[in-house]
There are 2 protein chains.
Amino acid sequence: MTTRIQKRNRRKILDAALDVFSAQGFRGATLDQIAAVAGLSKPNLLYYFDSKEAIHRALLEGLLEVWLAPLRAMNPAGDPRAEIMAYVRRKLQMSRDYPRESRLFANEVLQGAPRLEDAIAGDLKALVDDKAAVIRGWVAAGKLAPVDAYHLIFSIWALTQHYADFDAQIRMIRGARDPMDGAEAFVETLFERVLRG
Amino acid sequence: MTTRIQKRNRRKILDAALDVFSAQGFRGATLDQIAAVAGLSKPNLLYYFDSKEAIHRALLEGLLEVWLAPLRAMNPAGDPRAEIMAYVRRKLQMSRDYPRESRLFANEVLQGAPRLEDAIAGDLKALVDDKAAVIRGWVAAGKLAPVDAYHLIFSIWALTQHYADFDAQIRMIRGARDPMDGAEAFVETLFERVLRG
DNA sequence: AACAGACCTGACCAACCAGTCAAGTTTAAA
DNA sequence: TTTAAACTTGACTGGTTGGTCAGGTCTGTT
């Protein structure tokens, strides 16, 4: 049974942890920082979660489904180009709406994904293999320009997540402008040309 | 005056530091780890470098020029499409040859580029602004399909560096295969289609 | 109001980590 | 071979950090 207070505080902790972990990485983040952002004391954090690891694990677990949802939504029965473009658009929207989540994953993967190995080698790989097969099917049926399915997926990840993950760099280069200004149009045009063949 | 031993040990330290910093980030790396990889004692590291910061700074300084070289080599007097494709190829080659360097930068930028602010807002921005102007010139002269210069450059970075930075993820999904197998062909085809208009 | 359980915290601890230092060993030039 | 400078290190220090705990306060139920 979870109380009203538990719900509120767990949410506060996870939100603060997302702030700090995504900006500093697991090792760089401290419980004191997370506690300060959450507006709670450090021992109180550890009243709700067993350890720093446990907070991080809870974050990743909660996020994984959200993160995979856009790819999962790709419909094998739909129009190939429309389905892929819809996926691209959903991913771009996620970079805009959830940059912290993107950076949390990026930090993790960049450092060898020690805490995501099971999820990536399991669920994620299965999903990608599945959707890659769908794309290969579309190509084989002549409904799509010939394209390597895995690299197509990787390139969608690379382009969409770049805007969230390298936000600091883009800001410094583009100045005050919204870092994603024009990004959607560019990326969509790019993939349209790729899929047109 | 630098002795033979100084030269060898500084090189050993920087190579070990590149290993450790690129895999763990600045905060995650410890001098003990770097010392162990370098095969030297921790006090000995600090005999050659003033601090952990100083090692990191030396790495970044040494790398920046190498990192910017491919873009710098883009020749305004050359053939637009050939110049851009040559840049793409050089960047891909760097992802393959220097993945640790790519991850070192990625770690840094991901965490807000605190130690690279000057370099990014200075040299890098100036170079990108310059080359973006060149690309806009090519477009204006009708020598290149209309394309946003900044986003074109960002997309080249995103796609090429993704293979180095997210290597762990790609390995887990693609298994034993070389993570970059087919990447060159895919990325080159992609940009050829983008530039063809 | 009284009670039980949930919630919260100051003070503390052990491990870790960057950096110091005094005292050694090695190197190379004379 | 001598010698001075260059190099190396075990032992240490002070600060940080994840985590504990005893004892407190708050909350909701009867």
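All chains are named by letter (A, B, ...) in the order of the sequence lines, taking the proteins before the strands, and each is independently numbered beginning at 1.
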Tabulated below should be each protein N or O lying under 3.5 Å from an N or O of nucleotides 28-30 of chain D; please produce it.
unit_1, atom_1, unit_2, atom_2, d
dG28(D), OP1, Arg4(A), NH2, 2.6

Inset, instruction - Check side-chain hydrogen bond (donor to acceptor under 3.5 Å, both in side chains) between Tyr48(A) and all other residues, then give those that pass, not counting sequence neighbours. - result: Asn9(A)
Inset, instruction - Return the set of residues passing salt bridge (Lys or Arg N to Asp or Glu O under 4.0 Å) with Lys131(B) (not counting sequence neighbours), or none when no residue passes. - result: none
Inset, instruction - Mind jotting down which residue pairs meet the ring pair (Phe, Tyr, Trp, His ring centres under 6.0 Å) criterion with at least one end in residues 66-123 of chain A? Sequence neighbours excluded, please. - result: Trp67(A)-Phe105(A)
Inset, instruction - Rounded off to whole Å, could you give me the CG-to-P distance for the Asn44(B) and dG10(D) pair? - result: 10 Å
Legend entry - Check ion pair Glu192(B)-Arg81(B) (N to O, under 4.0 angstrom): no
Inset, instruction - Mind checking Phe49(A) for me? I need base, sugar-phosphate or nothing, with any heavy atom below 4.0 Å counting as a touch. - result: nothing
Legend entry - Any Thr3(A) side-chain nitrogen or oxygen under 4.0 Å from OP1 or OP2 of dC7(C): yes
Inset, instruction - Determine: side-chain N/O of Tyr47(A) to OP1/OP2 of dC8(C), distance under 4.0 Å, yes or no. - result: no
Legend entry - Leu40(A) CG - dC8(C) P separation (whole Å): 7 Å
Legend entry - Salt-bridge contact Asp32(A)-Lys42(A) (side-chain N to carboxylate O under 4.0 Å): yes
Legend entry - Residue list, side-chain hydrogen bond (donor to acceptor under 3.5 Å, both in side chains) with Asp15(A), at least two apart or on another chain: Arg100(A)
I'd like a table of atom pairs between the protein and nucleotides 23-26 of chain D - only N or O on both sides, under 3.5 Å - with the distance next to each one.
none

Inset, instruction - Within residues 6-17 of chain B, find the residues that approach DNA chain D with a heavy atom at under 4.0 Å, and present them sorted by residue number. - result: Gln6(B), Asn9(B)
Inset, instruction - Could you tell me whether Glu184(A) and Arg89(A) have a side-chain N and a carboxylate O separated by less than 4.0 Å? - result: no
Inset, instruction - Using the six-membered ring wherever Trp is involved, compare the ring planes of Phe154(A) and His151(A) and label them parallel, tilted or perpendicular (cut-offs 30° and 60°). - result: perpendicular
Inset, instruction - Only counting residues at least two apart or in another chain, list the ones meeting ring pair (Phe, Tyr, Trp, His ring centres under 6.0 Å) with Phe21(A). - result: Phe26(A), His56(A)
Inset, instruction - Answer yes or no: does a side-chain N or O of Tyr48(B) lie under 4.0 Å from OP1 or OP2 of dT8(D)? - result: yes
Legend entry - Residue list, side-chain hydrogen bond (donor to acceptor under 3.5 Å, both in side chains) with Gln169(B), at least two apart or on another chain: none
Legend entry - Test salt bridge (Lys or Arg N to Asp or Glu O under 4.0 Å) applied to Asp123(A) - qualifying residues, sequence neighbours left out: none
Inset, instruction - Do nucleotides 17-24 of chain C as a string where each nucleotide becomes B, S or -: B if the base has a protein heavy atom under 4.0 Å, S if just the sugar-phosphate does, - if no protein is that close. - result: SBBBB---
Legend entry - Sequence-distant partners of Gln6(B), side-chain hydrogen bond (donor to acceptor under 3.5 Å, both in side chains), two or more places apart: none
Legend entry - Carboxylate-amine/guanidinium contact Arg96(B) Asp178(B), below 4.0 Å: yes
